[in-house]
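Each chain gets a letter, A, B and so on, in the order the sequences are listed, and its residues count up from 1.
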Amino acid sequence: MNQTENEKKKKAYLKPTVTRFPLRPEEAVLGFCKSSSSAGPSGGSCQVVGFCRTAGS
Amino acid sequence: MSYSLRIGGICLAVDGAPAPRGPLAKFVVADCAPDVKVRLRRDGARPAGELAGPPLFDSGAVWKRFDDRIECYSQLFGEQPYKTAILSPDLSEVEIVMRVEGLEPLEFPLDELLINALLTERFGVELHACGVIDRGNGLLFLGNSGDGKTTTARLWMSAGAPALGRAPGAGAPTLVSDDRVIVRAENGEWTMYGTPWHGEAEICSPASAPLRRIYVLDKAARNSAAPLCGAEAVARLFACAFPPFHAARGIDGLLGTLSDLVADVPVARLSFVNDASAVAFVREEAAA
């Protein structure tokens with residue numbers, strides 16, 4: 001394999017970039033439940049913990 | 001008074017409490033080899049031993065994680081925790097101390113926090129997602145609140161998936177959850193499990209299936225799918241996971257699990273229209 005073939009196989013250099021992805025802290029830490037209908041994230045103990053909010057899923 | 005729960009393939013043997021009502025009841029099993037033994041104390045006394053030290057993580061709302069325990073709080077019950085889970089170092093034993101009568105000990109957020117902690121050690125992850133089993137294939141639709149998980153669940157229900165409490169017809173898709181799904185590496189493949197932690201459509205099932213596709217939801221004017229690879233796919237999944245922010249080793253393990261997952265299971269951004277064409281599009285895409 002000569003030099004020219006090696007150069008052809010090299011990938012083009014891509015400058016590193018930073019991409020930001022949205023993280024929703026209140027969801028990621030299980031900080032609330034969505035409604036007071038039954039249990040879990042949308043559940044009965046939501047009535048207990050008292051941190052409910054309406055939000056689409 | 002004892003019962004066993006199996007969630008995401010993890011078995012909890014609960015002693016000292018009546019069988020749960022509501023969604024958790026669907027996850028009660030006759031018998032299973034316990035991964036965790038949970039014991040309940042209702043005397044409300046603070047557990048013996050050391051309960052000092054600052055929290056490792058404060059959720060800012062309803063729970064705090066300490067090295068040896070999780071404390072749960074409610075606006076209704078003052079500044080003291082209304083329940084506390086004392087954890088053995090390897091999480092094989094949990095003692096729940098209830099300060100308030102009449103509550104189910106494993107209800108939100110304790111059940112979910114415990115299962116998440118156990119998944120970290122078991123090549124698993126809980127994801128904010130809607131899960132569908134279609135023709136035996138697990139399809140995961142990932143998104144935060146408002147991204148379309150419940151919309152997706154309703155589209156698949158319209159396509160034949162049964163509503164809550166109804167039996168599926170032959171060949172009909174099965175919805176395992178409209179909000180939270182567990183994924184685990186088991187026996188050389190990735191398995192998708194339903195959870196008790198449903199969303200607005202109140203869909204939850206203990207059903208499981210091999211995971212074949214992961215779609216990141218994106219509401220759009222037409223249906224399309226664009227593959228996501230490597231770090232971008234991991235980042236999208238991480239943003240819909242419930243990372244153990246209190247433990248660097250746990251975060252490391254989660255990132256490793258997600259890296260392995262996206263290397264094995266195709267991930268795509270799914271732009272979808274809110275009508276039946278989205279289901280037909282996914283079926284065609286998944287079969288390709």
Side-chain angles (χ1 to χ4, degrees), chain A, chain B residues 20-25 57-63 72-77 82-83 100 103-104 106-113 116 128 130 143-153 177-180 195-202 204 231-232 235-236 238-243 245:
Chain A
M1 193 178 287
N2 60 37
Q3 181 70 21
T4 309
E5 285 171 330
N6 269 334
E7 285 172 358
K8 281 181 184 171
K9 290 200 168 188
K10 278 186 182 173
K11 282 185 177 176
Y13 174 73
L14 294 175
K15 188 179 176 184
T17 57
V18 174
T19 306
R20 289 182 181 273
F21 293 88
L23 181 66
R24 299 197 188 165
E26 74 281 9
E27 292 185 14
V29 304
L30 297 169
F32 71 97
C33 39
K34 289 175 189 163
S35 70
S36 54
S37 58
S38 53
S42 193
S45 49
C46 294
Q47 294 166 348
V48 171
V49 298
F51 281 84
C52 304
R53 73 176 197 189
T54 53
S57 63
Chain B
R21 301 180 301 270
L24 270 181
F57 185 80
D58 183 344
S59 72
V62 296
W63 61 274
C72 299
Y73 295 83
S74 167
Q75 294 168 328
L76 299 176
F77 304 125
Y82 69 94
K83 62 182 176 184
V100 177
L103 303 177
E104 294 206 14
L106 277 173
E107 273 190 336
F108 178 84
L110 208 45
D111 51 359
E112 212 167 346
L113 291 170
N116 263 283
H128 211 172
C130 165
N144 289 123
S145 292
D147 286 343
K149 295 188 298 299
T150 295
T151 301
T152 297
S177 176
D178 63 332
D179 202 61
R180 307 285 166 89
T195 73
W197 311 303
H198 59 68
E200 287 178 30
E202 300 190 14
C204 61
E232 183 176 6
R236 291 288 178 193
F238 187 87
C240 290
F242 304 91
F245 291 109

Please check this pair: side chain of B/R236 against backbone of A/F21, looking for a donor-acceptor N/O pair closer than 3.5 Å. no
Heavy atoms only: give me the nearest A/A28-B/P243 pair and the separation to one decimal. O-CD, 4.1 Å
Considering non-hydrogen atoms only, spot the tightest contact between A/P22 and B/A239 and give its length. O-CB, 3.3 Å
Establish, from distance only, whether the side-chain atoms of A/T19 and B/E232 form a donor-acceptor pair under 3.5 Å. no
Chain A contact via B/F245 - which portion, at a heavy-atom distance below 4.5 Å: side chain
Where is the tightest heavy-atom contact between B/W63 and A/V29, given as atom of each residue plus distance? NE1-O, 2.7 Å
To the nearest 0.5 angstrom, please state how far the CD atom of A/E27 sits from the OG atom of B/S145. 3.5 Å
Could you pull out the closest heavy-atom pair between A/L30 and B/V62, with the gap in Å? O-CG2, 3.9 Å
